[in-house]
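When reading the values below, keep in mind they use all heavy atoms of this one structure, side chains included, and skip hydrogens, waters and symmetry mates.
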Amino acid sequence: MPGTVAAMPQLDGVTHRWIDVRGLNMHIAEAGNGEPVFLLHGFPQHWWEWHGVIPRLAEHYRVIAVDQRGFGWTDAPADGYNARTLIEDIVLLMGELDIPRARFLTHDWGSVVAQLLAMERPDLVEALVVTGTPDMHIRPNARLLGLFPKLWHAFALAAPIIGPRLQRNDKFTRHLFTAFEPAGGVAEEDMELYGVGMAQPERARAGSALYRGTILPAFMAIIFGAYAKRDFTVPTLALIGASEPSATLQEMGHRPGHGGNVTTEILPGEGHFLADHRPELIADKALRFFALRPDR
């Protein structure tokens with residue numbers, strides 16, 4: 001199929017489909033039955049990020065793990081890595097699947113896309129769990145200054161020539177997965193699998209374009225408070241590892257009367273890749289937030 005980056009990893013109970021979304025072949029991994037839950041991965045991952053979460057959620061829901069534009073087994077076109085297009089990808093995918101409304105469990109830039117979707121189309125989002133990134137309604141303060149040195153990789157990845165080259169560097173890849181993560185956070189074999197995708201030229205370019213077109217603009221908008229005064233009606237749970245920079249951002253809080261329906265949990269001893277390190281915890285918290293206990 002188009003967009004192949006490696007042999008497809010296998011997970012019991014999961015089936016795979018490619019959906020034509022206005023000419024973009026989007027890969028989805030599906031499991032379970034019932035009301036739909038979309039899983040949106042982070043950087044530099046793909047649907048496999050959720051392999052420890054999917055079996056738990058699939059006991060209660062129809063789970064749809066999406067490979068977003070440029071990642072995993074979805075096409076990696078030369079353009080379309082701006083927020084508007086990425087949101088439209090999900091809206092149109094939902095339409096192709098005949099799903100009018102769904103819950104979302106997301107990570108990293110997938111959480112950015114999902115929050116923007118929830119702001120613009122709250123009719124499509126029943127409830128939202130974000131991990132590995134702050135909710136976008138925080139009220140920034142002076143503590144921001146201490147974060148910039150820790151986030152140097154984001155600015156490097158956004159550079160047109162440097163960014164793609166860095167993604168093909170093994171040491172840099174390991175830095176991404178270990179800098180804000182406890183020991184054993186991401187398994188060695190999973191890092192290797194994600195690294196295969198990053199090393200492909202068209203996907204390395206996609207990753208760099210994503211940082212330029214969506215991740216850095218969203219980060220700058222957050223720190224300048226662009227979303228802080230906007231109403232946010234979708235019930236949202238923000239799960240953040242205490243040892244990653246997003247925890248500092250999330251702890252800044254919200255403007256009085258704003259922040260919508262956001263509930264925050266800072267997880268002690270955890271880092272950025274929560275679904276990799278603690279899939280059972282993330283699944284349990286998502287199920288509870290989605291108002292369906294795992295033991296039901």
Query raised in the report: Does a side chain donor of either H175 or H153 reach within less than 3.5 Å of an acceptor in the other side chain?
Result: no
Query raised in the report: Hey, does F71 have a side-chain heavy atom less than 4.5 Å from the side chain of W109?
Result: yes
Report task. May I have the step-by-step check of side chain to side chain contact (heavy atoms under 4.5 Å, CB included) for I87 and T85, ending in yes or no? Result -> CA-CA 5 Å; I87 294 168; T85 302; over 6 Å; no
Report summary line: Looking only at heavy atoms, the pair that brings A275 and V53 closest together is CB-CG2, 4.2 Å
Requested in this report: Show your reasoning for whether salt bridge (charged side-chain N to carboxylate O under 4.0 Å, His left out) applies to R103 and E35.
Outcome: CA-CA 8 Å; R103 296 168 174 86; E35 297 181 356; 2.5 Å; yes
Query raised in the report: Taking it one step at a time, do D276 and Q45 satisfy side chain to side chain donor-acceptor pair (under 3.5 Å)?
Result: CA-CA 11 Å; D276 295 271; Q45 298 167 288; 3.0 Å; yes
Report task. Give a yes or no on this: more than 12 heavy atoms of other residues, nucleotides or ligands lie within 6.0 Å of atom CD1 of I162. Result -> no
Query - Value rounded to 0.5 Å, distance of CG in L157 from CG in L216 - result: 8.5 Å
Query raised in the report: Okay, side chain of R212, backbone of A158: is any donor-acceptor separation there less than 3.5 Å?
Result: yes
Query raised in the report: Is there a side-chain contact between Y227 and Q115, using heavy atoms and a 4.5 Å cut-off?
Result: no
Query raised in the report: Do M191 and F180 share a hydrophobic cluster, counting only Ile, Leu, Val, Met, Phe, Trp and Tyr and linking them when any side-chain heavy atoms are less than 4.5 Å apart?
Result: no
Report task. Measure from the side-chain N and O atoms of T131 to the backbone N and O of T106, and report whether any donor-acceptor pair falls under 3.5 Å. Result -> yes
Requested in this report: Decide side chain to side chain contact (heavy atoms under 4.5 Å, CB included) for N141 and E251; before the verdict, give the C-alpha distance in whole Å, the side-chain angles of both, and the deciding distance to 0.1 Å.
Outcome: CA-CA 10 Å; N141 59 39; E251 289 168 349; over 6 Å; no
Requested in this report: Give the ring-plane orientation class for H107 versus F273, where under 30° counts as parallel, over 60° as perpendicular and anything between as tilted.
Outcome: tilted
**Report entry** T264 backbone acceptor or donor facing Q250 side chain under 3.5 Å
**Finding:** no
Report task. Of all the heavy-atom pairs spanning P235 and N261, show the shortest one and how long it is. Result -> CA-CB, 3.7 Å
**Report entry** Short side-chain to backbone donor-acceptor contact, Q167 and G163, under 3.5 Å
**Finding:** yes
Query raised in the report: Is W47 close to I54 at the side-chain level, that is, under 4.5 Å between some pair of heavy atoms?
Result: yes
Query raised in the report: Is there a path from W152 to I222 through hydrophobic residues (I, L, V, M, F, W, Y) whose side chains come within less than 4.5 Å of each other?
Result: yes
Requested in this report: May I ask you to decide if S246's main-chain N or O and T248's side chain share a donor-acceptor pair within less than 3.5 Å?
Outcome: no
Query raised in the report: Is there a donor-acceptor pair under 3.5 Å between the side chain of E181 and the backbone N or O of H272?
Result: yes
Query raised in the report: With the 4.5 Å side-chain cut-off for hydrophobic clustering, are M252 and I240 part of the same group?
Result: no
Query raised in the report: Does a side-chain N-to-carboxylate-O contact under 4.0 Å join R22 and E88?
Result: yes
Query raised in the report: When you measure from the side chain of R62 to the backbone N and O of A58, does any donor-acceptor pair fall under 3.5 Å?
Result: no
Query - Under-4.0 Å salt bridge between K285 and E280 - result: no
Query raised in the report: Is the centre of the F232 ring less than 6.0 Å from the centre of the H137 ring?
Result: yes
Report task. Would you give the length of the straight line joining atom CG of D190 to atom CD of E192, rounded to the nearest 0.5 angstrom? Result -> 9.5 Å
Report summary line: Interatomic distance, CG@D20 vs CG@L93, rounded to 0.5 Å, equals 11.0 Å
Query - Validation row: S243, E270 side chains within 4.5 angstrom (heavy atoms) - result: no
**Report entry** V112 reachable from M220 in the ILVMFWY side-chain graph, under 4.5 Å edges
**Finding:** yes
Query raised in the report: Should L239 and I282 count as side-chain neighbours, where that means a heavy-atom distance under 4.5 Å?
Result: yes
Query raised in the report: Is the H46 ring parallel, tilted or perpendicular to the W73 ring (thresholds 30°, 60°)?
Result: perpendicular
Report summary line: On a heavy-atom basis, the closest approach of D67 and T74 is O-OG1, 2.6 Å
**Report entry** Neighbour count >12 (heavy atoms, 6.0 Å) for atom CZ, F155
**Finding:** yes
Query - Pair L86-Q68, side chain to side chain contact (heavy atoms under 4.5 Å, CB included): steps then yes or no - result: CA-CA 8 Å; L86 296 170; Q68 298 179 87; 5.5 Å; no
Query raised in the report: Is the backbone N or O of D75 less than 3.5 Å from a side-chain atom of R69, with the two atoms forming a donor-acceptor pair by type?
Result: no
Query - R174 bridged to D170 by N-O distance under 4.0 Å - result: no
Query raised in the report: For the atom pair CZ (F289) and CG (D284), what is the distance rounded to the nearest 0.5 Å?
Result: 13.5 Å
Report task. State the CZ-CG distance between F172 and L166, to the nearest 0.5 angstrom. Result -> 4.5 Å
Query raised in the report: Should L105 and V186 be regarded as members of a common hydrophobic cluster, given that ILVMFWY residues are connected when their side-chain heavy atoms come within less than 4.5 Å of each other, either directly or indirectly?
Result: yes
Query raised in the report: With a 4.5 Å limit on heavy-atom distance, are the side chains of L237 and E265 in contact?
Result: yes
Requested in this report: Would you please say whether a donor-acceptor pair under 3.5 Å links the side chains of D108 and H41?
Outcome: no
Report task. Using atom types as modelled and distance alone, determine if a side-chain donor or acceptor of H277 lies under 3.5 Å from a backbone N or O of L274. Result -> no
Query raised in the report: For the residue pair A114 and L128, what are the closest heavy atoms and their distance?
Result: CB-CD1, 3.7 Å
**Report entry** Shortest non-hydrogen contact between F38 and I99, atoms and distance
**Finding:** CZ-CD1, 3.8 Å
Query raised in the report: So with a 6.0 Å cut-off around CG of N169, is the heavy-atom count from everything else above 12?
Result: yes
Query raised in the report: Do the side chains of L249 and P140 get nearer than 4.5 Å, heavy atoms only?
Result: no
Query - Non-hydrogen side-chain atoms of L287 and Y61 separated by less than 4.5 Å - result: yes
Report summary line: Of all heavy-atom pairs linking A247 and G241, the shortest is CB-O, 3.4 Å
Query raised in the report: So how far is it from E244 CD to I266 CD1, rounded to the nearest 0.5 Å?
Result: 8.5 Å
Report task. Give a yes or no on this: more than 12 heavy atoms of other residues, nucleotides or ligands lie within 6.0 Å of atom CZ of R165. Result -> no
Requested in this report: Describe, in one word, how the ring planes of F43 and Y211 are oriented to each other, choosing from parallel (under 30°), tilted (30 to 60°) and perpendicular (over 60°).
Outcome: perpendicular
**Report entry** Derivation and outcome, side chain to side chain contact (heavy atoms under 4.5 Å, CB included), residues F290 and V129
**Finding:** CA-CA 9 Å; F290 293 155; V129 177; 3.8 Å; yes
Query raised in the report: Ignoring hydrogens and geometry, is there a side-chain-to-backbone donor-acceptor pair from T214 to Y81 under 3.5 Å?
Result: yes
